[in-house]
Amino acid sequence: MESKWEKMPGEKTINETMENIRARGIDVTMVETRKDALDKIKELIPKGSEVMNGSSTTLMDIGFVDYLKSGKHGWTNLQEEILKEKDWPKQLDLRRGATTAEYFLGSVNAIAKTGELVACDASGSRVGAYLFSAKNLVLVSGAQKITGSLEDAMKRVREYVFPLEDQRARKAYGMGSATGKWVIMEKEGAPNRVKLILVKEKLGY
């Protein structure tokens with residue numbers, strides 16, 4: 001049975017949400033498919049740019065993670081450089097530094113119809129870039145993440161997203177996750193810094 005947190009909103013709700021996101025200083029583009037989302041990313045990021053991404057099932061779903069690993073993009077893949085470093089403290093320092101990448105990509109866990117974007121991490125290694133550090137922030141989200149209010153957006157994280165992420169983390173890392181670090185993007189003051197690609201497909205969770 002489909003969860004209420006998985007349902008795709010109607011066209012009217014999507015359009016209203018996009019208007020409210022733009023009013024908060026965040027650029028938002030609607031695309032039809034996951035392929036369109038990846039094509040949009042390729043269009044947005046110039047060759048030669050530094051690129052870093054946070055852990056994201058959505059970025060995996062649209063094929064971005066595989067594309068980044070392919071090396072066919074002409075970008076500097078900071079994630080690849082980080083993983084080459086096997087000394088953990090040094091790798092951690094590289095991860096901190098990478099939050100200031102020219103282009104940082106990720107997703108959000110929920111979107112309020114009133115325009116706020118909500119993201120949550122256990123450690124903050126992803127959302128740390130969202131607030132200020134990344135020069136350009138490109139977010140991708142399936143439209144099913146739209147909720148009726150900011151309160152509902154946070155409920156979506158606690159009731160739906162967290163149990164799924166906790167399950168994934170236990171399989172991948174042998175340890176559970178946590179709702180450790182929250183980001184609510186209510187207003188962006190830097191013009192054109194944050195771009196949201198909203199997809200009319202269910203992506204991630």
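- No donor-acceptor contact under 3.5 angstrom links the side chains of Thr147 and Lys155, judged on distance only.
- Put simply, Leu196 and Leu105 are part of two different groups of oily side chains (I, L, V, M, F, W, Y) that touch within less than 4.5 Å, one to the next.
- Partners of Lys113 under the side chain to side chain donor-acceptor pair (under 3.5 Å) rule, at least two apart in sequence or in another chain, do not exist in this structure.
- Listed for the Lys35 side chain is no donor-acceptor partner under 3.5 Å among the backbone atoms of Glu32.
- Smallest separation of non-hydrogen atoms from Phe104 and Ala98: CD1-O, 3.9 Å.
- Nearest heavy-atom pair, Ala169 versus Gly176, reported as atom, atom and distance to 0.1 Å: CB-C, 4.2 Å.
- Between Ile14 and Ala143, the closest heavy-atom pair is CD1-CB, 4.2 Å.
- Judged by distance alone, the side chain of Arg34 and the main-chain N or O of Leu59 form no donor-acceptor pair under 3.5 Å.
- Under 3.5 Å, the side chains of Tyr205 and Glu165 contain a donor-acceptor pair of N or O atoms.
- For the residue pair Tyr160 / Glu6, a side-chain donor-acceptor distance below 3.5 Å is found, with atom types taken as modelled.
- Taking Ile, Leu, Val, Met, Phe, Trp and Tyr as members and joining any whose side-chain heavy atoms lie under 4.5 Å apart, directly or through other members, Met8 forms no hydrophobic cluster with any other residue.
- The two residues Thr29 and Met18 come nearest to each other via the heavy atoms C-CE, 4.3 Å.
- Environment of NZ in Lys135: sparse, with no more than 12 heavy atoms of neighbouring residues, nucleotides or ligands closer than 6.0 Å.
- Side-chain N or O atoms of Arg193 include one that pairs as donor or acceptor with a backbone N or O of Ala134 at under 3.5 Å.
- The two residues Val138 and Ile197 have their closest heavy-atom pair at CG1-CD1, 4.1 Å.
- In Met60, the CE atom is not crowded: 12 or fewer heavy atoms of neighbouring residues, nucleotides or ligands sit closer than 6.0 Å.
- With hydrophobic clusters built from ILVMFWY side chains whose heavy atoms lie under 4.5 angstrom apart, Val199 does not share a cluster with Ile146.
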Audit row: Lys40, Glu43, salt bridge (charged side-chain N to carboxylate O under 4.0 Å, His left out) steps and yes/no: CA-CA 5 Å; Lys40 186 65 179 177; Glu43 177 188 316; 3.1 Å; yes
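- Side chains of Thr13 and Glu11: no donor on one and acceptor on the other come within 3.5 Å.
- When atom types are taken as modelled, the side chain of Glu201 and the backbone of Leu203 share no donor-acceptor pair closer than 3.5 angstrom.
- Side chains of Thr33 and Asp36: a donor on one and an acceptor on the other come within 3.5 Å.
- Screening Asp152, Val127, Leu150 for a side-chain contact (heavy atoms from CB on, under 4.5 Å) involving Val118 leaves a single residue, Leu150.
- Using a 4.5 Å heavy-atom threshold, the side chains of Val108 and Val183 count as separate.
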Stepwise side chain to side chain donor-acceptor pair (under 3.5 Å) check, Lys181 with Ser125: CA-CA 9 Å; Lys181 309 289 174 66; Ser125 61; over 6 Å; no
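- For the pair Lys42 and Phe64, the cation does not sit on the ring face, since its NZ or CZ is not both under 6.0 Å from the ring centre and inside 45° of the axis.
- Using modelled atom types, one side-chain atom of Asn136 and one backbone atom of Glu102 make a donor-acceptor pair closer than 3.5 Å.
- Using a 4.0 Å cut-off between charged nitrogen and carboxylate oxygen, Lys69 and Glu80 do not count as a salt-bridge pair.
- Between the side chain of Arg156 and the backbone N or O of Asn109, at least one donor-acceptor pair lies under 3.5 Å.
- Shortest non-hydrogen contact noted between Ser177 and Ala122 is OG-CB, 3.8 Å.
- Without hydrogens or angle criteria, Arg22 side chain to Asp27 main chain gives no donor-acceptor distance under 3.5 Å.
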Candidate pair Glu85 and Lys90, rule salt bridge (charged side-chain N to carboxylate O under 4.0 Å, His left out), full reasoning: CA-CA 7 Å; Glu85 177 56 68; Lys90 289 180 181 177; 5.2 Å; no
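- When atom types are taken as modelled, the side chain of Asn77 and the backbone of Gln79 share a donor-acceptor pair closer than 3.5 angstrom.
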